[in-house]
Amino acid sequence: MDTAEAFLDGSTEMMSGGRGKAALIWPQCPPAGSSQKHGQNNGKPDPRQATDFSAIYGKDLLPDRDGEELTQGFLQALVNILLAHVKTTFDRSTKVLDFHHPHQLKEGLEGFSLELPEQPENLEQLLVDCRDTLKYGVKTGHPCYFNQLSSGLDVVGLAGEWVTSAANTNMFTFEISPVFILMEEVLLKKMREKVGWAHEEGDGIFCPGGSMSNLYSILVARHRYFPKTKTQGMTCAPRLALFTSEHSHYSIRKAAGVLGIGTENVFLVKCDKRGKMIVSDLESSIARAKAGGWVPFYVNATAGTTVYGAFDPLPEIADVCERHGLWMHVDAAWGGGLLLSRRHAGKLRGIERATSVTWNPHKLMGVPLQCSAILLRQKGLLQECNQLCAEYLFQPDKHYDVTYDTGDKSIQCGRHVDVFKLWLMWKAKGSEGFGCQVNWCLENAEYLFNKLEKRPDFELVCKTKPEHSNVCFWYLPPSIRAMSRGPQRNSRLHEIAPKIKAAMMEEGMLLIGYQPLGEKPNFFRCVFSNPATRKEDVDFLIDGIVRLGCDL
């Protein structure tokens, strides 16, 4: 039995002397070229003899002068926990989650406590806490996790995250992050090329998620048209109006509130039945805004809406923006990955005409959270908008090219390194490998759509083939199938998905999301972004929903 199997089997557990609760025997660690004699460690436990970490504490690790071997042993034990978690993540016989209610977790389970002590606890307890944290969490890389847009567990990306954490540096200056800064430049250039700006210099930055990327787009657009708002605030600007579809991500309205533009000055443009923005309504909304005293300046088009996975008609929206002199942003947080697929990239035709683009590699491309970029066609605007020249960071007389000090482009000061895991994955897969991964996810969506289309116990929310990997549907238990359409049926149908989801979470073998939309009662939304998911998992999902919901 290997280490991970022993860990999962539970055969490594014993009772720790005097502690009264389960302890773990961790694998012994070979010495790392130590000059000490066997069994001698200045009075501290020798990791070559110790069978557990119950007498070892954080203070005994590096940078303690004698902490090298203990550090190696502790980290090896932690790696074994992580490897066991990775192994179980891909094991279809294991649960997606071991669900407990908030009060149960807060009260403590089997020695796992969230409370913080006054005195230090030993490393054995910390290792147990690491194990239990993963145990009671959700395996988002599990092949049967269909719940949100970010799923999957890419081993190369995970390795990149580990390296990033070990480096523990910041992205604001070249002097402390030279390799990562250059990687960001390379990645942003590559992503702009995929958008279609290959012959333009362009700009961009990685930031904490698509909501922040969308906020950057509005912030920079406002600065482009009304630069005095940076120093004088909104008092020097007219009453601004921005436009986005009624199916767009809520972050557009939130950004308008954060930036002082106001959520009431966001015009929601109508969508067709498939969730695409209706361009004629965009035109009329702009005209209505102008007539009412607003000054339009920004249009957000969505490439891959959150619920339906719809793609707004980008070329037609670009025409409208050009006629009215408006900033065109494309929120491709969810759909940007399709640009790497020769088969599906055409769905984003017209994105090359955008002024800015949001693209989240942590979604369809499967990069570990977080990894989001705001891309801009025009270089210099991002710096001009956010620059404040803090003297303790951005000295102009450094001995290297200070244009590589990217911190003044950012709203943040401290900025996490989000680029290395993406860079490493791109090296491992190439653009072609990412394209194949995207194709596979959309094939799974088409497979689910085709299966549900033929079944009388399911009803598709959208009757046409999905553009993206989103499939939205209702399950119809026998008690509902005979009911005529109307408010009473909708009221009953609205209760079905939450009840199935609750039973699903308690059982733990599947996870899928649901929501209402407009007048439509609660329906399931299945999204595919995990390359580990196979058609057998899709069949398991369908069978699981029927099994849990047939008596409702």
Query raised in the report: With a 4.5 Å limit on heavy-atom distance, are the side chains of Leu187 and Phe206 in contact?
Result: yes
Report task. Answer yes or no: are there more than 12 heavy-atom neighbours, outside Lys429 itself, under 6.0 Å from its atom NZ? Result -> yes
Query raised in the report: Got a donor-acceptor contact below 3.5 angstrom from the Arg547 side chain to the Ile542 backbone?
Result: no
**Report entry** Evaluation steps, salt bridge (Lys or Arg N to Asp or Glu O under 4.0 Å), between Arg343 and Glu443
**Finding:** CA-CA 11 Å; Arg343 188 185 306 171; Glu443 285 172 18; 3.0 Å; yes
Requested in this report: Flag the pair Ser529 / Lys363 as yes when at least one side-chain heavy-atom distance between them is below 4.5 Å, and no otherwise.
Outcome: no
Query raised in the report: Atom CG of Leu448 and atom OG1 of Thr533: how far apart are they, to the nearest 0.5 Å?
Result: 11.5 Å
Query - Glu536/Arg92 salt bridge by N-O under 4.0 Å criterion - result: yes
Query raised in the report: Are side-chain heavy atoms of Arg342 and Glu432 found at a separation under 4.5 Å?
Result: yes
Report task. Evaluate the side-chain proximity of Leu153 to Val86: yes if any heavy-atom separation is below 4.5 Å, no if none is. Result -> yes
Query - CG-CG distance between Leu442 and Leu338, expressed to the nearest 0.5 angstrom - result: 5.5 Å
Query raised in the report: Distance-only, no hydrogens or angles: does the Thr89 side chain make a donor-acceptor pair with backbone N or O of His85 under 3.5 Å?
Result: yes
Query raised in the report: Is the backbone N or O of Lys409 less than 3.5 Å from a side-chain atom of Asn386, with the two atoms forming a donor-acceptor pair by type?
Result: yes
Query raised in the report: Under 6.0 Å from the CD atom of Gln515, do we count more than 12 heavy atoms belonging to anything else shown?
Result: yes
**Report entry** Any donor-acceptor N or O pair under 3.5 Å, side chains Gln370, His416
**Finding:** no
Requested in this report: Start with the C-alpha distance between Lys59 and Tyr57, add both sets of side-chain angles, then the distance that settles side chain to side chain donor-acceptor pair (under 3.5 Å), and finish with yes or no.
Outcome: CA-CA 5 Å; Lys59 64 181 178 59; Tyr57 292 82; over 6 Å; no
Report task. Check whether any side-chain heavy atom of Leu339 sits under 4.5 Å from a side-chain heavy atom of Ile351, and report yes or no. Result -> yes
Query - Test side-chain contact (heavy atoms from CB on, under 4.5 Å) applied to Thr94 and Met509, step by step - result: CA-CA 7 Å; Thr94 63; Met509 299 304 293; over 6 Å; no
Report task. I would like to know whether Glu184 and Lys189 meet salt bridge (Lys or Arg N to Asp or Glu O under 4.0 Å); could you show each step before the answer? Result -> CA-CA 8 Å; Glu184 184 173 62; Lys189 180 181 178 183; over 6 Å; no
**Report entry** Backbone of Asp397 reached by a side-chain donor or acceptor of His399 within 3.5 Å
**Finding:** no
Requested in this report: Check whether any side-chain heavy atom of Cys144 sits under 4.5 Å from a side-chain heavy atom of Leu541, and report yes or no.
Outcome: no
**Report entry** Side chains of Ser251 and Asn214, donor plus acceptor under 3.5 Å
**Finding:** yes
**Report entry** Short side-chain donor-acceptor distance under 3.5 Å, Thr358 and His329
**Finding:** yes
**Report entry** Spacing of CZ belonging to Phe99 relative to CE belonging to Met504, to within rounding of 0.5 Å
**Finding:** 13.5 Å
Query raised in the report: How are the rings of Tyr136 and Phe112 set relative to one another: parallel (under 30°), tilted (30 to 60°) or perpendicular (over 60°)?
Result: tilted
Query raised in the report: Would Arg192 and Asp203 pass as an ion pair if we require N to O under 4.0 Å?
Result: no
Query raised in the report: Got more than 12 heavy atoms from elsewhere within 6.0 Å of CZ, Phe394?
Result: yes
Requested in this report: Apply side-chain contact (heavy atoms from CB on, under 4.5 Å) to the pair Leu393 and Cys413, showing each step before the final yes or no.
Outcome: CA-CA 10 Å; Leu393 281 177; Cys413 179; 3.7 Å; yes
Query raised in the report: Does Leu510 reach the side chain of Val96, with side-chain heavy atoms less than 4.5 Å apart?
Result: no
Report task. Indicate whether the side chain of Asn439 and that of Ser341 have a donor and an acceptor atom separated by less than 3.5 Å. Result -> yes
Query raised in the report: Once you round to the nearest 0.5 Å, how far does NZ of Lys135 lie from CG of Asp129?
Result: 12.5 Å
Query raised in the report: For the atom pair OG1 (Thr71) and CG (Leu61), what is the distance rounded to the nearest 0.5 Å?
Result: 4.0 Å
Query raised in the report: With a 4.5 Å limit on heavy-atom distance, are the side chains of Met191 and Pro361 in contact?
Result: yes
Report task. Check the pair Ser248, Arg253 against side chain to side chain donor-acceptor pair (under 3.5 Å), reporting the backbone distance first and the verdict last. Result -> CA-CA 9 Å; Ser248 65; Arg253 283 179 293 148; over 6 Å; no
Query raised in the report: Just checking, is any N or O donor in the side chain of Thr140 or Ser151 under 3.5 Å from an acceptor N or O on the other one?
Result: no
Report task. On the 0 to 90° scale, with breaks at 30° and 60°, tag the Phe174-Tyr400 ring pair as parallel, tilted or perpendicular. Result -> tilted
Report task. Might you point out which heavy atoms bring Val220 and Leu382 nearest each other, and give the distance in Å? Result -> CG2-CD1, 3.7 Å
Requested in this report: Ignoring hydrogens and angles, tell me if any N or O in the side chain of Thr406 forms a donor-acceptor pair with the backbone of Met171 under 3.5 Å.
Outcome: yes
Report summary line: Sorted by chain and number, sequence neighbours left out, ring-ring contact (aromatic ring centres under 6.0 Å, His included) with Trp423 holds for Phe420
Requested in this report: State whether a side-chain donor-acceptor pair under 3.5 Å links Ser372 with Ser213.
Outcome: yes
Query - CZ (Phe90) with more than 12 external heavy atoms under 6.0 Å - result: yes
Query raised in the report: If you measure only the distance, is there a donor-acceptor pair under 3.5 Å linking the side chains of Asn470 and His468?
Result: no
**Report entry** Ser356 versus Tyr216, side-chain donor and acceptor atoms under 3.5 Å
**Finding:** no
Report task. Mark yes when over 12 heavy atoms from residues, nucleotides or ligands other than Lys535 sit less than 6.0 Å from its NZ; otherwise mark no. Result -> yes
Query - Donor-acceptor contact present, side-chain Lys379 to main-chain Gly204, <3.5 Å - result: no
Report task. Assign the ring pair Trp426 / Phe434 to parallel, tilted or perpendicular, where the plane angle (0 to 90°) is split at 30° and 60°. Result -> perpendicular
Query raised in the report: How many angstroms lie between atom CD of Gln148 and atom CZ of Arg525, to the nearest 0.5 angstrom?
Result: 6.5 Å
Query raised in the report: Looking only at side chains, do Asp539 and Tyr447 share a donor and an acceptor under 3.5 Å apart?
Result: yes
